[in-house]
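Residues: numbered from 1 along the sequence shown. First listed ligand is number 1; within each ligand, the first listed atom is number 1. What you see is a predicted model; the values in this text were computed from it and never measured. Both backbone and side-chain heavy atoms feed into the values below; hydrogens, waters and symmetry mates do not.
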Amino acid sequence: VLVLPALIVRFCRGPEAAPAPAPTATGPWVRLLVDPDGTVLRLELEEYVRGVVAAEMPAAFELEALKAQAVIARTYAVRRMRALGGAGVPGYPEADVRTALDRGGQAWLSREELLHRWGPIQFHLHWARIEEAVAATRGLIVTFGGLPIDPVYHSTCGGRTENSEDVWQEALPYLRSVTCTTCRHSPHAERTTRTLDVEEIVARLGGEPGLRATAAGRPLIQVVQTTATGRARTVQVGDRRFRAADFRLLLGLPSTNFRVELAGSQVRFTLTGYGHAVGLCQYGADGMARQGRSYEEILRHYYSGVDITPLDAF
Ligand SMILES: [Zn+2]
């Protein structure tokens with residue numbers, strides 16, 4: 001929980017005890033835990049945001065989509081920065097944010113890593129667009145009721161995003177299910193299938209005997225509850241029940257938008273979409289930008305009832 005008004009005042013005064021910043025560096029500063037090696041980098045917030053946009057969204061996406069991602073990346077960091085009253089990385093008092101996605105982090109790549117990944121020509125082209133997107137939204141974050149939101153996003157919803165409580169526990173007023181007609185160009189919008197062996201599924205779910213215990217006439221694996229958008233909400237395996245969001249991650253499935261069929265010792269999942277489907281749909285954002293919509297319109301579409309707020313306006 002943040003105490004923003006007080007901390008923004010501190011933020012405006014600049015960083016305390018900043019060790020000899022470069023002449024052009026003004027902060028605020030974010031302390032980034034680089035997984036898995038454990039190095040902590042101290043970066044200007046705007047430089048951190050550039051490395052996140054580069055890592056989290058294809059650089060060829062429309063500029064307005066890149067701007068929306070920049071505002072999201074900044075909001076994510078501001079919510080966690082200890083200098084602004086955030087909780088930082090649990091267990092790491094010296095870090096505000098981290099790069100490991102499976103530990104609540106946000107991907108980030110350095111300029112050197114991007115140069116290596118893209119090569120010099122692509123780096124030159126992509127980095128210029130990312131710098132433009134970040135500069136055009138400098139200092140802007142997404143707020144609800146005056147506080148930075150939890151700006152969750154995913155790759156491809158496949159037609160409709162999810163209510164937060166249908167995927168996780170908490171019902172957040174700005175994470176409501178909305179229609180998304182603009183992610184059809186995503187490579188993940190097509191229906192795909194994944195086939196897994198029953199034994200592999202049982203092992204990945206923990207291997208307990210109850211996972212094989214079925215009553216007569218009941219299939220070994222079935223979706224027993226769906227969300228308002230038709231995605232799996234609860235999956236029963238043997239006599240055990242799983243939240244579909246957990247089940248998906250344990251099995252490495254791209255989404256919870258699946259049907260399941262059993263054929264002997266094989267289980268076939270028919271799926272669409274990629275990601276948890278809560279918050280902003282990245283391909284949908286790109287599609288909205290292709291239709292001429294602005295980053296503000298994109299953010300307001302996927303996050304209900306929010307404001308786009310400059311940090312120094314608190
Ligand atoms: Zn979508």
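Scored by the ring pair (Phe, Tyr, Trp, His ring centres under 6.0 Å) test, F242 finds no partners at all (sequence neighbours excluded).
For an aromatic pair to be called close, the ring centres must be under 6.0 Å apart, and W168 with H276 satisfies this.
The side-chain tip of R300 does not point at the ring of Y303 from less than 6.0 angstrom away and within 45° of straight on.
At a cut-off of 2.8 Å, measuring from the Zn ion (ligand 1), the protein N, O or S atoms that fall short of it are C157 SG, C180 SG, C183 SG, C281 SG, waters left aside.
Applying the salt bridge (charged side-chain N to carboxylate O under 4.0 Å, His left out) test to every pair with at least one member in residues 221-248, sequence neighbours left out, gives these pairs: E162-R231, D166-R233, E208-R240. Legend: side chain to side chain donor-acceptor pair (under 3.5 Å) pairs involving residues 46-59, not counting sequence neighbours, sorted by first then second residue: E46-R74, E47-R50, E47-R111, Y48-Q106, E56-Y153.
Between F247 and F258, the two ring planes are tilted [angle within 30° to 60°].
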